[in-house]
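What follows is a single structure, written as structure tokens, with notes after it.
Whatever order the structure lists ligands and atoms in, that order sets their numbers, starting from 1.
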Amino acid sequence: MPEFVRLTDVAPRDGLQNEPGVIATADKAELVRLLAASGVDEVEVTSFVSPKWVPQLADAEALLESLAADKPAVCCSVLVPNEKGMFRAMDLDERLGGSLIDKVAVFTAASETFSLKNTNATVSETIERFRPVLDAARDRDKRTRGYISCVVRCPCEGEVDPQRVGEVCSMLLEIGVDELDLGDTIGAGTPETITPVLLAAIEALNGRSTNDRGDPTLTLHLHDTYGNAAACVREALVLGVRSFDGAVSGLGGCPFASTDDKRAPGNISTEVLVRTIEEAGYETGVNRAKLAHAGAFAERIVAAARMSGGAP
Ligand code: HMG
Ligand code: MG
């Protein structure tokens, strides 16, 4: 039996958060449903961040409400930056029966400047913000993920020391995240540069590849600016990583990693991820035709939003 690799599609969150045009909540819900039907293990549905910072995802409550009547058969996760976001997410989840949101993801960075730009807080301050978020998640038996952005390179500070990534991994583990997710936010990674980063994270985890729930402890979240993401996936598989994030059709990019003349790069496409992982001899459980269907739909709604222009 080939070994299984977990896939999370982050397109509804990372893929859409940077889109300036209007995308209807019903279309986002349909995208989540199509991704769930494709056989990916998790879908990152939306963010409970400040709507002033990320207007596209201001409909987080409405989107989850529209999914509640018939919960997609997939692990549904949401991004939460602080206690206020956690309160919004958990209040809604409770009103909807307590089992719509399966996982909560907090996010910090290996670069102080990026952390300030993305969350108006230093790395240490983000860690303090997460404590009550993780307590609330534990109380409700929600799984938790801790993202670290800029693990290879920061758009503001340049090269990032893998040792710093290891330190931030330890900070997140110390406050009790169930799993780590390493973000190559600007797609700078190569097999040579991603290796020491992964080794630093594996060391912080004391080599533990699954958590108490039996889920992988380490995920790689790649953006694909220079076409090196698939090679990084192959390298990560060799090092024992069994969980990856992608966005169908390669949508996406963090708005706070964009510059005035360049949009932040898209995520590695889930289609490329599936192909790369399966060609390396692992199983994903994804139906490629259904994934292509989700991808075509995602491209249509994004194209329509770009044509319509305007702020959401
Ligand atoms: P702040 O302005 O410092 O927040 O932002 P504050 O605590 O001072 O509050 C200011 C106002 O925001 C107040 O409202 C708060 O109530 C409100 P006012 O009194 O002015 O009306 N507020 C909120 N409203 C709704 N939901 C909330 C919330 N929190 C405060 N949760 C904050 C701090 C963290 C909120 C802000 O910086 C923020 O929302 N940042 C999110 C940025 C973001 O979403 N970035 C993209 C996701 S990360 C990413 O893409 C990287 C990743 O993909 C991995 C990779 O690729 O590297 C994960
Ligand atoms: Mg990202």
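Proximity of atom 8 (O) of ligand 1 to the protein is not indicated, since no non-hydrogen protein atom lies closer than 4.0 angstrom. Within a 4.0 Å radius of atom 45 (N) of ligand 1, the protein contributes at least one heavy atom. Distance check for atom 19 (O) of ligand 1: every protein heavy atom is found at 4.0 Å or beyond. For atom 27 (C) of ligand 1, a protein heavy-atom neighbour is present inside the 4.0 Å cut-off.
Residue Arg88 holds the heavy atom nearest to atom 25 (C) of ligand 1 of all those in Lys117, Arg129, His221, Arg88. When the options Thr126, Val80, Thr119 are ranked by their closest heavy atom to atom 32 (C) of ligand 1, first place goes to Thr119. When Glu125, Gln56, Glu83, Lys84 are ranked by how near their heavy atoms come to atom 23 (C) of ligand 1, first place goes to Lys84.
The protein non-hydrogen atom at the shortest distance from atom 2 (O) of ligand 1 is Trp53 NE1, 3.5 Å. The protein heavy-atom contact nearest to atom 51 (C) of ligand 1 is Ser149 OG, 3.5 Å.
The closest donor-acceptor contact from the side chain of Thr284 to the backbone of Val286 lies under 3.5 Å. Put simply, the side chain of Asp59 never gets that close to the backbone of Leu63: no donor and acceptor are under 3.5 Å apart. At least one donor-acceptor pair closer than 3.5 Å links the side chain of Asn287 to the backbone N or O of Lys290.
Rounding to 10°, one obtains 90° for the angle at the Mg ion (ligand 2) between NE2 (His223) and NE2 (His221).
Taking only nitrogen or oxygen atoms, main chain and side chain alike, Tyr147 does not reach within less than 3.5 Å of ligand 1. Residue-to-ligand polar distances place Lys52 within reach of ligand 1: an N/O pair is separated by less than 3.5 Å. Taking any N or O of Ser47, backbone or side chain, none lies under 3.5 Å from an N or O belonging to ligand 1. Ligand 1 has no N or O atom lying under 3.5 Å from any N or O atom of Asp184, backbone or side chain. Of the polar atoms of Ile148, none of the N or O atoms is found under 3.5 Å from an N or O of ligand 1, judged by distance alone.
Across Lys142, Arg213, Lys103, Arg143, a single residue satisfies salt bridge (charged side-chain N to carboxylate O under 4.0 Å, His left out) together with Asp178, and that is Arg213.
Under 4.0 angstrom from ligand 1, the non-hydrogen atoms of Arg13 all belong to its side chain. Counting heavy atoms closer than 4.0 Å to ligand 1, residue Pro81 contributes side-chain atoms (C-beta onward) but none from N, CA, C or O. Only the side chain of Asp14 comes within 4.0 Å of ligand 1, judged by heavy-atom distances. By the criterion of a heavy-atom distance under 4.0 Å, both the backbone and the side chain of Val49 are placed next to ligand 1. Only side-chain heavy atoms of Asn82 come within less than 4.0 Å of ligand 1; its backbone N, CA, C and O stay farther off. The proximity of Arg145 to ligand 1, defined as any non-hydrogen pair under 4.0 Å, does not occur for either the backbone or the side chain. With a heavy-atom cut-off of 4.0 Å, Leu79 touches ligand 1 through its side chain alone.
In the vicinity of Pro51, heavy-atom distances shorter than 4.0 Å reach the ligand 1 atoms 24 (N), 25 (C). Using a 4.0 Å cut-off to heavy atoms of Gly85, the atoms of ligand 1 that qualify are 31 (N). Ligand-side atoms of ligand 1 in range of Val54: 43 (C), 44 (O), range being under 4.0 angstrom from any heavy atom. Within ligand 1, counting atoms from 1 as listed, the ones closer than 4.0 Å to a heavy atom of Ser50 are 24 (N), 25 (C), 26 (N), 27 (C), 35 (C), 39 (O). Residue contact check: Asn120 has heavy atoms under 4.0 Å from atoms 1 (P), 3 (O) of ligand 1.
With respect to the salt-bridge test (charged N to carboxylate O, under 4.0 angstrom), the residues Glu167 and Arg164 qualify. Classification of Glu61 and Arg95 as a salt-bridged pair fails, no side-chain N sitting under 4.0 Å from a carboxylate O. Under a 4.0 Å N-O distance rule, the pair Asp245/Arg145 qualifies as a salt bridge. We find that Arg234 and Glu279 are not joined by a salt bridge, their nearest charged nitrogen and carboxylate oxygen being 4.0 Å or further apart.
Of the N and O atoms on the side chains of Glu235 and Thr195, at least one donor lies less than 3.5 Å from an acceptor on the other residue. For the 3.5 Å distance criterion, the side chains of Arg6 and Thr219 qualify, holding a donor opposite an acceptor.
Considering just the N/O/S atoms of Asp14, the one nearest the Mg ion (ligand 2) carries the name OD2.
Residue Glu159 places its CD atom among 12 or fewer non-hydrogen atoms of other residues, nucleotides or ligands, all under 6.0 Å distant. No more than 12 heavy atoms of other residues, nucleotides or ligands sit less than 6.0 Å from atom CZ of Phe87. Around the CD atom of Glu203, the shell of radius 6.0 Å holds no more than 12 heavy atoms that belong to other residues, nucleotides or ligands.
To the nearest 0.5 Å, atoms CD1 (Ile202) and SG (Cys169) are separated by 10.0 Å.
Tyr226 does not carry Arg153 over the face of its six-membered ring by the limits of under 6.0 Å from the centre and within 45° of the normal.
Distances from ligand 1 to the non-hydrogen atoms of Ala121 include no value under 4.0 Å.
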* Asked: Hey, mind stepping through Val74 and Leu35 against side chain to side chain contact (heavy atoms under 4.5 Å, CB included) and telling me if it holds?
  -> CA-CA 9 Å; Val74 73; Leu35 289 169; over 6 Å; no
